Structure formats: structure tokens, C-alpha cells
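Structure first, then comments.
It should be emphasised that the depicted structure is a prediction, and the values quoted were computed from it without experimental measurement.
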Amino acid sequence: MKVRLSYVALIFLNLLVIYSLDASTVVLAIKGGGSAQMSSFGFSYSDDIYYPAGSYIYTTANHIAHTANEFVYQSERWYTGIWGYDLPISADGTYVLILQFAEIYYLIANIRVWNVKIGDYIAYNHLDIVGTVGAMTAYDIFIPFTLSSGTVSIAGNAITGAYSGGKLVIRFYPVSDNPTLSGIILVRGDCSVADYCNMCYQPRCLECNTADLNCKTCIDNASSISGVCQCNANSIWVAASRKCVICDKLCTSCSSENICASCSTNVLISNVCLRACPYGFGTSCASVSTAVIDQNFANYFYGGYGLFQTGTSSSSYYFFNNPEVVDPIPAKKRGLYFSGGSYLQTTSIVYISLNFSVGMWVWILSGSGDILTNSSGYKIAVSASGVLKITLEDKVQSMATITTTALNPSNSAWVYISFIISFLSSAISTTISPYLNNSPHTSTTFNGYIYRDTVNNVLILGKSSSSNFFGYIYQFTLWNVAVSNFNTQYSDQICGTGAVASCLWTCPLSQWMNGVTPTNCNSCTNGCVRNVSCNVCDDPLCSICTGFLVGLCTQCISNASGTPCACNIGYYWDLNSDKCISCDYSCKNCTSSTSGDCIVCAHGFYMYLGWCISECPDGFVEIGSTCVEKDPFIFYLSFDTLEGVVYDKQSKIPALTGNSTAFYPNYDHFDPIAALYRGFYFNGVNSLMHLPIYPGYSSPVLSFGYSFTFSIWINIENDFGAILSKQDLLYNPIFSLQLAAGAVIISLNFKSSGVDSFFYLQNLESYEWNHIAFTAEYTNLKETKISLYLNGIAEYQSDIGSDYFKDTKTDITFTLGAEKDLSGYKNYFKGFIYDIKGYNSIKSISSLALPTAQCTEVCKACLTNGICIPNCLINQYWIGPEYNKCSKCSSECFSCRDSSKFCNLCANQKCVSCYNYTEESCLKCVSGTSNTSNTTNCQCDYDLAWNSSSGMCETCHQWQFKANDSCYNCPPLCAQCDSEYKCTWCISNAVLSSGNCICSPGYTGTITCTIIPFNVSLAVNQNNTLILSFSDILKEGLRGEEILIKIHNNTIPSWSISQISSKEFLISCNFDGKISKGTTITVQFINSPRIASISGGLLYEEHLSGSLYESAMTSEEQEVAQIQNEVSYGVKALAGSSVALAMLNPNPSALWTMLNTIQFISYIPYASYPLTDKVSAFLKSMGDFNLVPNLFLLFFDEDKGNIPYYQARRYGYDSSLILVNVGNEITVLCVFILVLPIVYFFSKCSHRFVGKKLKNTLREYKFGTFLRFWIVCYLEIGFASIIGILSTEYSEALENSLRLTNYFLCWLFIILIAITPFLHACFSFKNLRKIINRRHKKWFAIWSSLYYEFKNNKGFMSTQYYTLYFARRSVFIITQVFLNGFPQSQLTINATSSLCVCSLVYICLI
């Protein structure tokens, strides 16, 4: 409970109240900082007691106003920090504590300020004596309280911490400077009026004469009505301060001077009525301690930054979105750039509270201009000079515009400008505290004033109605509370903990920070982030982005794509132009436009030494998109051959000698000369060789890569000439090696610089072997180094720089021994070339040649094995062993390998031409010789021997063999031989055995082989037994399986053989039937040469023939024959009469029934029933009713064809040919077919009877004949077809085509026989209505043969007679053929099937 006294009241109150205190009511009085002394009011102040140790005293002699006891206020006790008094009180009761103060040191307000507390109760907040009553003026505070059971209560509220250890706890809390105290009075009991220690009767009375009189003078804002003081109408009584307080205009009620109880706006914050709820307090309008706006303007390109929008519309902004002139420009690491007219404004109303704080990171480029304003003008504004202009109002809404002192921030660095506006409701004062870079500047307090924002205000950054800001704003923060400090926002928020603003750029918009160096942009109006272009995106490959940070790209530049942006395949990033520029066509990814800066090659190109090439160099393989070295040794042309086309041994590159493939021994005009051990000799006039490309040879082509090694052995006879020359079609050198005045000249074609030549001026020694090697090394620095080596020693080096050797495989001419120009070949080389080697890598020279010091002899240089190349002239040959020991060739020879006059270079002197110098290389031998099949050496023909003097081969006799080029006789019985131990061909009737000749089996002899006699003869006895007589005793006897016996080419199945003497054998035959006289019988020997005599002779006869005698018939056989004849005649007579009757009867069903029955009976003997010969003959003869001869016997011999198998032959079949066995039936059908046209012709006869009869006959039989033929012949064709299939024994006279035709017809008839029952059943079912009704005359005329014999009006089964007919005969054929040997089964099945058929016929048809 606080009391602020007016000066008028203070005079009376001090005098009146203090005067009213007597000794009996004063419990304790202490003189602060002084000694005991009696007051003018009758009680004594004691010495200063109960103070804290270490406290201080200050005194003054100055006059103290408004008190009768100046001595009390002329001394004071003070202390640094929190301090106070602990007053002992023991008795419960009501008390009044009076604290006495005066400012006797400072003369200015707001210097010494402190808070007064009783325990936790704030008795006075922000006590400023000077600000309240002035300096050297007494000021007392009255605090009534009660003590009860150790608890202190003030205004009815128990106060925590106010009473401890029997003492009243009084504490002073410094706000600024050190609290002081002049005196303490503790009064027991009440004052005369209520709790206010006012001696007047009325609390609103300022002056009264006596306690019971009416008020003489009222307090402020109060008036006397009938002698009683009342607060005026616009004020309320605040008992705590004993004042009539004027209420705020927005208050509808208030409870104290500074506390509104309710508001007309319904917004009550910190006991103050506001016009609207502060921004960020939410729907409940609850205060928040955090920032309500905390916006960073860095990194992003937006039309809206949180609550702020750029310019007049958030839809237009920098960059890339149609910016307006008033839009601020984003600047990397500088936030937003305001160019004097550009601005941001909030998109919603921002109502600022009475307590608020604001902070901004800015870089001010001009000292004038407003950074922050609102839409009400200067209700609040912050200028670039750091001046805060703010409009405050008092409780009656009188306005006062306050302008703070300028902070004067630097315009060359980033600064943090901030302000804290705090309202003290107890004092109704507003304090403005400015800060620059978190350092506080002078605060100013405005008593009686408050910041109360107007409604409908928006915040504006960057301009005001009268002044525009030039500079950058990086961060803006607004709190709708008074914060305690800006430490975090200043030190940590922007660049990290403690880093303040060190990460921000300090350069104008026209520059960017290159590291720590400000660098000018390249004429970029809106700034840049690099000096190449005005592209502000972090990714230079990005054309449109939403900020400066990585990953904010929304559109890539031309020829770029992806996330993040990357130059498209085939493009690279050019730092100088800030563009994606097309790579070389060979590159997929690259770092420049040359193919040498490829990262990844395009399809069809391969990486090689940093370059993308369309084809890997020789010796490299394509793995993925890279050339990987496999074998860099790509070329080895060794002239150790005698061929016209020399293939290098590594890549098979053909080198053509001269202008054709002709070479040794028939050189053409332009050929070099072959020299044994010395390669090829070029004559310096016209000798040359071609490497591809040349006619007939376009590949492979020798081509070197960027790094290669070339090696050549030469022996020169002239000091000039082109050794090797690879040229383009304009004859410019690509790669050449020449001699000029003995100097070595190497010319290479480079990619950029063209042809360059390298000279080694030291003369080469003639008539000596010299090794020349040079390397072109393409280094990691993409430079080429040339090195020349002579005879194993480095002689010359040159750096070409950033260029490389450019070889080609097309449009070239490649020559050895000369070079070419428009006029032809020239500059011929004279001397030897031993070999040439090429590597697509850098090769160690020691692996190519050795210098003199390392050779086995004293030559200029030697091969890597230390051996010197023989050094002889072309008309000499090397003798050795020394490398230069030679002998002259014959005068007839230009080149040779020995002294022979034949000038032969081949190793074998029998060879005329060869492809190299080895024994095995001969291509053409001399006359009388040839290459053998297992060697390539020339050998004289097998009957010739070599004559070295004549150079010819002589003929050996046929019975001789050649050994060591001489002729020797072969062993006995040999017609030809390879040696005396190996015959290759024998004389007649002799065979080879283990390399020797011996007489063949059946022959004998030592010089010649003669046959051993052995034969056999056949004799036939009267009883038709056969006798075989051999000329010698058989070695192993005669077995039955070695003999076949045939009559009419038919094998006799039953016969026996027995030996009747050492050389004779008897054969007895069992003949079927009668044998006619003169019947030929044949005895055939199977594998007759296997039948041998004991003397070694072999039987070569394959068969013997004889004539049989006629066999006599037995009486029983005669009886059987008679029965067959009689039955046959009877059946034929019966058949003939039946046919005649049938022709007179329109329904010949009786004829068909008779014929079908006779057929069935005649095949009973085919089974294996135990029938007598007479019964069997009778039954078989019943089937012999054919009246028509078999026409097919005119075309086929009955004895030809497959021999019928036994069962068929026993029945009486003599052939397996189906056309023979059913020939009679087919003949009948053919006759009918031939008769049909005749009948048709006479049916047109005008004679009434004849014409009508023939028409009827033709109508009934022209279709039915074919059906009736199949019905009648079904059984015979079935048996004949199966006989044709089962008979497998062929007659040798039968042609293959006839055999195949017979098989085909048999299988065809078998298939037809098998499906006939099913076809008939299906046909009948489908046409059942037509069959029953018989109204379809045309249909019935065709098919009546199947149905007219029976009544078919009983349904489907009444039409199935012939289905049963065909099925029964099929079963009969199967049982008779395939169950033969099982007579009981045959009989049972046949009887059962017949009974079933008869039963079904009876049921269905009758």
C-alpha cells in the first residue's frame, strides 16, 4: 500500500499526523544514520539500530522542507545492493509503520530509484524522491498492518516473509543507485480515522480544524458537498493512496489511480485499457513474451516475407517475377536493399502494445530516411540516424510526439538498432530505452504518458510519407512486451553464437564479396553473386530460383537440367560466360569444348589419355566407354620371309612387296630383295613396299596413338632416302622417317600445329647396322615429348607443348623405301631393313636394342639377346660365326644363302619357292618332288630319288621304296612299300597284316598268291531229295541256318538236312501240294565265303539250282482235289443261277444273302480249327464262285510280291499283293463301270419295253452297285489287307515302288474297314427321317442298297442291320487272323458274336 503526498497535503500531514503520535502509541522510533534525539512531537528517536553491517551514513546541514523535525531527514543510512531493517515485534495487534525519506544527495530525478517491500509485499514500487517531491524535502510512507500469531497482514492479506524470528522484515531493492532511509516510526494501534492515519474525520479532507469539524479543504479532484468531501464525477476514490484519481478515458471503472477495472474497448492489458488487442496475443488476448514478428529478409526471393509484402503487391517481386520499382531488391548476405522509395508493409493490422520492443539489423547507406513507420504517420518511426519518433498520450488522450536523441549509427558497417518502450502503471510513466549494437543509450521517462497505438495501422519498412530509406535491412523483430535485453538477437541470431554480424557482406549492391574482397559486378543493375554474369542464383546453372541458397532452383539455364542443375549431356559449364556450352561432339560430359577435356565420352567414343576418340588405338580394347590397354605391342614387321605379302606378327597388317604379290623367286620390278639373316634389301632405284591402304588391302591399317614408340633396324648404303612415309591424299606427311645427308629426320602430324619435323644431324655410318627408335609421349599435362634414340642411346629430345600426334586410318598412302608426290614415287632408300616394331605405349629402349658395350661382338648395336645382325652385302652370304664374316655368292646370283649356282634361298634345295628360310616353309618343289602331307619339306616322289648334282629326282621301280634318296626292293608279296618293314600295298590275292603282306584266305604262296580249290554241286533224286557234294571236307560242317531253299522264289518252311559222308549232305523237303515236273528248286548259301574247307579254301558259290520230279498224289489227296473241283463247280453254278434270278427279281436280297453266307463259310478254314482235309477243302472251295477272270494277273506275276505269311499261305494265298488277292472282285467292279455308259446309251432307246427296263435298271443300280460292292467284298478285302501288312518276306523281283503302293493300299482299306460300322451308324442317325419315310426318292435312289431289304419303320435300330453286318465281319477278321492258334477262343467269340447279331436283328427288324 503506497502513499504519494502532494506538497500541500504533506505540510499538514507531517504536522498533523506526527503531532498526534505520543509516547504511549510509539513502539519504536529510529534515527537513520544519527543518534538519539527528542522529536518535537513528544517522543524520542533512538540511536540507529537494527541496520545491516557494512552499511553507510550520509549527513547534510541543508534545510529540509515540509517538516518540523529537520534533524530526522538531515542524516540517512544507505547501502549498496538489497538491505533493510528487522524490527522486533512481540505482541499481536494493529500497527502503522512510517518510513521517513528525503533525497539529500542528488538533485535530479530518476537517478536514485528503489523499491520498498515488507516481506513479499511491495510497499512502494520505483520510489524516486526527487521525482515525487523534489530534493531536500521530507517524504513519509505510512503502512498499516496487523500481526497475529506470527503472521503479518496488510489490507487483509497475509504477507509471506514479512515476519521472521519475531521481527518485521523491511527491505529496500535498488533499481538505480543505492537505497537510503532517514527514520522509522512503528506505531501501535489505529490512527483516528480508519487505516489512513489522517487526523481529519473525513479521508478526502486535506485540512480540518478539529477532528469533529467539517472539512475545511478537500483533496485534489474532490469537492465539498454539505461539508463532506466527495470525489468529482470523473474521478474515483483510491483508498490505498487516499486520492481521488481521474480515470483513463477508455476506462469504464478503475480501482486505483493507475488501475482500470474495466474498459470500453474490452481490452485490458497491465491494468490499462487499449484500443485493440496487441498483435500476436491471440484470441484470448493473452500477453506473450516471445517476438510477435521475427522476420529475416535474407536468402529468399519472395513477394511476401512472413507478414510483410513487397511494394504494393506480393505477386510482383525481385527476382524473376515482374518486380515493381517500389519492390526492395534481395541482396546476397545483405537481406533486402531499399533504394529510396522501395518498401515493405505488413499485410494485416499490427497493433502495438503499451510495452513493446523493436530490433533491426540494418546497414545504412544514407544518414537520412525512415527505416520503420506505420500507416498513421509518425505514431512510431525509426530513422536512419537512430532517432525514435513516437507519439505518446496521457489518460485524457492528449498527444505528445517524442523524439529521442540520435544514435548516429555507422554507414559503413552493419548495426543493430533496438528500442525498449516500457510502461510503469504504478507511476503512469513510459520509459524509452534506445540501444545501438546492444549497448544502451540514455533512457527517457515520460510521466503521465503512455504509448497507445491507434487502430488500423500497418507497419512499413523502408519509407515514410516524407522520407525514404537507402540501405539494407537484414532482420526485423517486434516484441509486444518490454524485453530485458537483446543479447541473443545481437550476438547469436544472425551468424551463430557470438559471431554477431560477421557473416554478412559489407559491400554495395554493385559489388559482391569474393572471399573477403569486394568485387565489382559486371554492369548488373540489381546486384550479382559472381563477377561473370548478373545471375543471382547460387547455382550458376540456374536461371530462375527462389533464393540465394543451394537447392532453390526452379528453372535451369539453357542446355541445363536436373536437380541440382547440371549442363545437359554434351554441354559443359563455361566460367567465363556463365553458360552451358556444347562439348565437342565426342564428349558426353566435358570441361571445355575440346575433346581433350572430356569427362565422359559420348556414345560411340572412348576415353583415351583424356581424349574421346571414335576408335581405340591398336593394342587397346573398348571396355565400357574407356580404351583399356590390352597389348600395346601393335606392329612387328620382320623381314624373315620370302612372301610377296609380309604380315606383321602382332596385328596381321599386310605389307606388299613392290606392286604385286609376286616375290621370290619371281621378283617384280619394284620388289626389294630378300637377304637371309638381313631382312629385305632396297636398291635405292625402284624397290618399295606398301602398307594398307593399297588396292586389295584396306585393313588393318597401322595407326599410332598419342603416346607411342617406333623402332627400326636399318643398314644404309646411301645417306639419303625415305625409309618410311605415311602420307595423306595430298601427300603431306603424317608420319615419316627419312635420311638427308646422313641425318635422321622424323616428321609427325600434330592435331593443332600440323606437321613438325625433328632432325638428328649426326651422320649414320654406312654399311653398318643402326637401330633407330623414337617415342612420342603424351603426358598427364597434355603435352607431347619427342625422344630419339640411336643404337640404344638417347640422342635428342623436344617438348611440343599442349598438342598431340594425330594419326589416321583413312585416306592415306603408306610406303616403305620411298615417298610419294604428284609425279609418283621418289627419294628411294638404299640399304637393308631388318625389322620394324611399333608400340602404342612408351617402351624401354633396352627392350628394343642394346648399345655396343652390351653386345657379344664389336658391332654398332645388337639385338636384345646381345647378338649382332650379320653385316654382309646383298651379293654375299653369311658364313659366321663372326657377324661380319661373309662369302660372295655365285656370279649368277644377286642374293643367295650359299655358294650354289642355283641361287636358292630355301632351306631345302629341292624347293623352288618357299615363304621363309626354314625347312618347313616350302611352297613349290622342283620337278619330281612335292610337299608331303605331314611336312612342308620337299621330298622326291615315292618312286623317285634325289640327284643333288642334277638337282632332279630319279624314278624308283614300283616294287622299290625310297630311303635316303635311294631305291630299295620291297619285301615279298609287297606291290608297294614305305620301307623294308612296312608294306603299303600288296600283290593280287594278298592283304596287309601288321605292315606285312600275306595271302588272302583261300589263297596260298610266298612269291605270288594262288587260289585253294573248293566248290560244291547239287543233285536231285527221284523222290525229290537233294544231295550237296563238296570238293573238300568242311572245316566246321554245314548248319541249317546257312541255307535257304526256295521254289518259285518262295521259301520252303519245312525241310531237314543230314550229313551222309565227309563231303556230302542230304536235304529232305516237305512240299505243300503237288509238285510239277521241272519245278525249279534253289539252294541258297547265306554268307557263303564263311563256309571253309579244312585246306583253307572258301566257298564262293552263292546258290545252286535243280529241277524237281513230278510228285505222285496219294488217294486221300486225290479225294480232296475231287471235292474241291466238285464244290467249286457247284458254287459257280449256284452263283450264276442266282445272278440270273436276281436280274429278273427287282429285289435281289436273296442273292446277297446267299453270297454273304458263302463268303463267311469259306473263311472258316483260315482259323486253326481241327478240321479234316476234306472238310477244309470243301469249305474253302465254297468261296471259289468267281465267274470273272482276275485281270490283274495280266500285270502282276502271282509269284511276285511279299511271300504270304504261313497262315495265309496254308489257306491258299500265293501272294501278298492286295490287287492280286482281290483282283476278281475289282475286275467285276471295273466291268460294271464300263457297262454303265452302254446301259445309259440303250436306255435312250425308243423301244418301249427295252428303254423302260434299262432306265429302271440304271436308276436302281448306278449308285447301289458301289455300295453293294463294298458290302459283298468287305470280308475278302479285309483279309487281303491284313495279309499284305503281316507278310514281311520280300521277293527280290519286287520293285520298291510296288511294295510301297501295296502297303499304302492295305492300310487305306484297313482304315476304311475299321470306320465303316461307325460311319454307317452316324449316317443312319443323321438321315433317320428320310430312311423311315422313304419319300425322298432322289436320296433313296442313291442309298437304298443299305436299307431296302428290310422294313425300317421301327426306329433307329431298325436301320442298323448293316452296322451289325460290318461289325460282325470286323470281329470275324480279327479272330481268324490274330487268335490263330487259339481255336477254342476263336470258336467262342465267333459263335457269341453271331448269336448276338442274330438276336439284335430279330429284335430290331422283325
Side-chain angles (χ1 to χ4, degrees), residues 904 906-916 918-1016 1030-1039 1042 1085-1102:
N904 196 343
C906 297
N908 190 333
Q909 293 303 299
K910 304 181 189 70
C911 185
V912 175
S913 64
C914 48
Y915 58 85
N916 62 31
T918 62
E919 289 280 351
E920 298 81 12
S921 66
C922 188
L923 296 174
K924 182 179 180 182
C925 300
V926 298
S927 178
T929 63
S930 62
N931 289 354
T932 61
S933 59
N934 58 345
T935 70
T936 55
N937 289 330
C938 287
Q939 298 289 340
C940 287
D941 292 338
Y942 69 93
D943 57 349
L944 300 178
W946 178 250
N947 187 333
S948 58
S949 61
S950 64
M952 298 294 291
C953 290
E954 298 175 345
T955 303
C956 290
H957 293 292
Q958 185 177 4
W959 60 85
Q960 293 181 322
F961 66 92
K962 181 178 66 178
N964 298 322
D965 274 348
S966 298
C967 296
Y968 299 91
N969 291 334
C970 294
L973 301 182
C974 284
Q976 295 177 11
C977 61
D978 289 341
S979 67
E980 61 179 317
Y981 305 106
K982 183 178 182 182
C983 291
T984 59
W985 190 260
C986 298
I987 63 174
S988 298
N989 302 319
V991 295
L992 283 172
S993 176
S994 300
N996 296 318
C997 287
I998 59 174
C999 289
S1000 300
Y1003 293 85
T1004 185
T1006 58
I1007 304 301
T1008 60
C1009 294
T1010 58
I1011 192 170
I1012 301 174
F1014 183 55
N1015 51 54
V1016 64
F1030 292 92
S1031 61
D1032 197 359
I1033 300 173
L1034 296 181
K1035 184 177 181 180
E1036 296 181 356
L1038 185 63
R1039 298 185 298 273
E1042 294 177 332
F1085 297 98
I1086 302 173
N1087 295 325
S1088 59
R1090 295 182 181 178
I1091 301 174
S1093 68
I1094 59 175
S1095 301
L1098 297 179
L1099 182 67
Y1100 287 97
E1101 285 91 345
E1102 293 183 356

Partner residues of C986 under the side chain to side chain contact (heavy atoms under 4.5 Å, CB included) criterion, sequence neighbours left out: A990, L992, C997

Side chain to side chain contact (heavy atoms under 4.5 Å, CB included) partners for L1034, two or more places apart: F1014, F1030, L1038, F1065, I1091

Contact list for residues 966-1001, test ring pair (Phe, Tyr, Trp, His ring centres under 6.0 Å), sequence neighbours left out: F961-Y968

Only pairs under 3.5 Å count here: list side-chain donor-acceptor contacts from residues 999-1012, not counting sequence neighbours, and write none if there are none.
unit_1, atom_1, unit_2, atom_2, d
S1000, OG, N989, O, 3.1
T1010, OG1, T1004, O, 3.4

Atom pair CG (L1099) and CG (N1015), whose distance is rounded to the nearest 0.5 Å: 8.0 Å

pair check: C906 + C911, SG-SG < 2.5 Å: no

side-chain hydrogen bond (donor to acceptor under 3.5 Å, both in side chains) partners for S1031, two or more places apart: none

Pairwise distance CD(E1036) to CD1(I1094) - rounded to 0.5 angstrom: 12.5 Å

Straight-line distance of L923 CG to C914 SG, nearest 0.5 Å: 7.0 Å

side-chain hydrogen bond (donor to acceptor under 3.5 Å, both in side chains) partners for N916, two or more places apart: T918, S921

Side chain to side chain contact (heavy atoms under 4.5 Å, CB included) against P971, all qualifying residues, sequence neighbours excluded: C974, C977, C983

Partners meeting side-chain hydrogen bond (donor to acceptor under 3.5 Å, both in side chains) with W959 (sequence neighbours left out): N969

Considering all heavy atoms, the nearest Q909-V926 contact: O-CG1, 4.1 Å

Working for side chain to side chain contact (heavy atoms under 4.5 Å, CB included), residues N908 and C922: CA-CA 8 Å; N908 190 333; C922 188; 5.6 Å; no

